[in-house]
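Inspection log for the structure reproduced underneath, given as structure tokens.
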2 protein chains.
Amino acid sequence: MSNASRAALPGALTTSCAIACEACDLWAICRSQRPPASPGPGTRDRRASCAQRLPAAAYLFRAGRPARALYGVRQGTLKTVRISPDGEERVVAFHLPGDVVGLESLAAGRHSGDVIALEPSALCELPVARLQGWLTEMPELARSMLQLLSGAVTEAWNRPEHTRGAVWQRVEGFIGDLSVRLERRGLDGRHLWLSMSRTDIASYLDLRIETISRTLRQLREANRIHLRGRHLVLQ
Amino acid sequence: MSNASRAALPGALTTSCAIACEACDLWAICRSQRPPASPGPGTRDRRASCAQRLPAAAYLFRAGRPARALYGVRQGTLKTVRISPDGEERVVAFHLPGDVVGLESLAAGRHSGDVIALEPSALCELPVARLQGWLTEMPELARSMLQLLSGAVTEAWNRPEHTRGAVWQRVEGFIGDLSVRLERRGLDGRHLWLSMSRTDIASYLDLRIETISRTLRQLREANRIHLRGRHLVLQ
DNA sequence: CGAGTTTTTGATCGAGGTCAAAGTTTGTGG
DNA sequence: CCACAAACTTTGACCTCGATCAAAAACTCG
């Protein structure tokens with residue numbers, strides 16, 4: 001019975017939980033905007049302008065548009081897609097709660113890829129203009145920014161590891177990476193909801209969707225994972 | 001006759017040329033250290049402490065060591081090598097004249113990989129401690145640093161494109177990337193000296209050296225390149 | 001010049017791609 | 001709430017491209 005199978009996957013949610021501001025990488029930056037010393041009535045703590053909500057499949061921004069802001073993912077998942085010179089669409093990154101989106105656009109001032117929500121998502125928006133102002137007022141903020149960007153470089157260098165070696169290693173590495181990143185944010189890293197399609201995973205790992213499907217089955221048959229549809233449990 | 005063949009490759013040098021300070025990515029940072037207003041005798045312009053010279057195969061630094069400085073490549077070529085969790089050694093980047101090495105270590109404070117000279121090389125060294133001081137004295141420097149790091153993220157995101165798609169595309173993309181990067185520094189992008197071994201290229205592109213060798217031959221037979229040993233000319 | 005390394009070439013094999021089709025889930029409108 | 005269409009996923013059969021194993025050739029450097 002289908003419901004019984006579902007029940008065997010405790011904790012697997014259809015959407016990621018929202019995370020606290022303190023668990024977000026953008027927190028190091030946006031905490032700098034201190035609230036007024038004695039907040040009068042009607043004054044709210046605007047340090048985080050967490051207004052943006054995106055339904056599934058909505059674009060956060062598109063390649064080529066001016067980069068106006070950094071975004072912190074508070075809830076949900078997104079993907080960055082680039083069009084390669086030969087017209088192929090490639091998924092180059094998945095963004096989980098707590099990740100910062102838009103760092104790579106600071107230099108060029110334009111976004112280099114499309115960012116699309118994979119499920120209903122919520123994001124904090126930190127306008128670049130405001131960031132510039134803060135940088136001159138608070139030199140110590142530069143440290144945080146450098147930290148953030150340097151970490152982004154390190155992570156970007158780690159990614160190619162996922163597109164190397166045998167296929168089962170790539171797939172398992174991909175799953176493990178999601179798991180580790182979720183746990184680092186205080187979320188459950190063992191019960192995953194794969195908000196991205198098999199096609200997205202295949203594009204990211206440079207494989208075919210049939211290969212993804214077959215490899216996931218092999219991992220399941222080897223009892224490394226428990227899988228049903230997009231619910232996944234690490235064993 | 002061998003010498004005649006060599007002569008058919010005009011401009012291909014056995015080592016890269018040195019580049020001017022102004023063409024180096026580190027220049028935006030180290031120019032900030034202004035020389036004294038009226039330099040007396042014996043005072044030299046120390047804005048760039050360009051002391052480091054490395055013979056071929058020498059280590060600039062090793063994984064795990066504390067990251068003490070940023071390095072600007074003035075001459076030569078280097079590679080960054082990482083040991084993957086399963087003990088495999090992988091080339092994750094090649095560094096050409098004008099590139100900055102060490103950015104990815106700022107966050108962790110430790111180097112995440114070995115950096116090794118592929119030919120006799122010269123580097124400028126900018127101690128992180130001095131950088132920290134400058135950042136507090138000159139807030140406008142933060143802009144340059146952010147620019148630099150954001151660019152590094154963008155480039156790191158571009159790299160995976162080289163390990164995707166058909167083999168001849170990867171190899172041609174790799175060569176084209178070297179070419180474009182050299183030209184951006186004002187060097188000759190059509191006549192390349194491949195200072196890295198076929199093994200290094202294979203590791204970087206996640207292929208076998210036999211495949212690299214065969215693919216280069218195919219590109220040569222298709223008249224896309226002129227190749228002899230490590231001398232390469234784009235057509 | 002000669003030993004050791006790097007690169008090239010050949011023959012064979014298998015992992016992953018391709019093509020085709022069935023099965024499952026999701027979303028929409030009645 | 002159900003029915004149905006569309007999209008996504010799984011499975012099977014076959015084949016190609018790059019890996020592997022082996023050996024010769026070319027290059028490096030003392």
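Below, read A as the first sequence line, B as the second, and so on, with proteins coming before strands; counting in each chain starts at 1.
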key: Any A/Arg228 side-chain nitrogen or oxygen under 4.0 Å from OP1 or OP2 of C/dT24   = no
ask   = Ignoring hydrogens and angles, are the base of C/dG10 and the side chain of B/Arg214 linked by a donor-acceptor pair under 3.5 Å?
value = yes
Residue A/Arg65 excluded, over 12 heavy atoms near CZ under 6.0 Å = no
ask   = What are the two closest non-hydrogen atoms of A/Leu182 and A/Asp188, and how far apart are they?
value = CD1-O, 4.0 Å
Neighbour count above 12 (heavy atom, 6.0 Å) for B/Arg68 CZ = no
query = Would you say A/Glu183 has more than 12 foreign heavy atoms packed within less than 6.0 Å of its CD?
reply = yes
note = Atom CD1 of B/Ile209 and atom C1' of D/dA25 are separated, to the nearest Å, by 14 Å
query = What bend angle does the helix from C/dC1-D/dG30 to C/dG30-D/dC1 show across its length, from five-pair end axes and to the nearest 10 degrees?
reply = 60°
query = Across the strands shown, which category fits A/Leu207 at heavy-atom distances under 4.0 angstrom: base, sugar-phosphate, nothing?
reply = sugar-phosphate
ask   = Within the pair A/Arg230 and D/dT9, is there a side-chain N or O less than 4.0 Å away from OP1 or OP2?
value = yes
inquiry  = What contact category does B/Ser197 fall into here, base, sugar-phosphate, or nothing, at under 4.0 angstrom with non-hydrogen atoms?
reply    = sugar-phosphate
query = In whole Å, what is the span from the CZ atom of B/Arg208 to the P atom of C/dT12?
reply = 22 Å
ask   = Starting at CG of B/Asp206 and ending at P of C/dG16, how long is that distance when rounded to a whole Å?
value = 11 Å
message = Whole angstroms only, please: what is the CD-C1' distance between B/Gln169 and C/dG17?
response = 15 Å
task = Using heavy atoms to find the nearest nucleotide of DNA chain C for A/Arg170 and A/Gly229 separately, return the residue whose nucleotide is more 5′.
result = A/Arg170
query = Are OP1 or OP2 of C/dT8 and a side-chain N or O of B/Arg198 less than 4.0 angstrom apart?
reply = yes
message = Around atom CZ of B/Arg224, are there more than 12 heavy atoms from other residues, nucleotides or ligands closer than 6.0 Å?
response = no
inquiry  = Please report the distance, rounded to the nearest Å, between NE2 in A/His231 and P in C/dT24.
reply    = 17 Å
query = Rounded to the nearest Å, what distance is computed from the CG atom of residue B/Leu227 to the P atom of nucleotide D/dA26?
reply = 15 Å
query = Given atom CG of A/Leu194 and atom P of C/dT25, what is their separation to the nearest angstrom?
reply = 15 Å
request  = Could you tell me how the ring of B/Phe174 sits relative to the ring of B/Tyr204: parallel (under 30°), tilted (30 to 60°) or perpendicular (over 60°)?
outcome  = tilted
message = Would you say that more than 12 heavy atoms from the other residues, nucleotides or ligands in this model lie under 6.0 Å from the CZ of A/Arg220, or not?
response = yes
query = Within this structure, what is the CD-to-C1' distance between B/Glu210 and D/dC17, rounded to whole angstrom?
reply = 14 Å
query = Would you say A/Thr211 reaches C/dG17's phosphate, i.e. side-chain N/O to OP1/OP2 under 4.0 Å?
reply = yes
ask   = Within the structure, does a side-chain N or O atom of B/Arg217 lie under 4.0 Å from either OP1 or OP2 of C/dT9?
value = yes
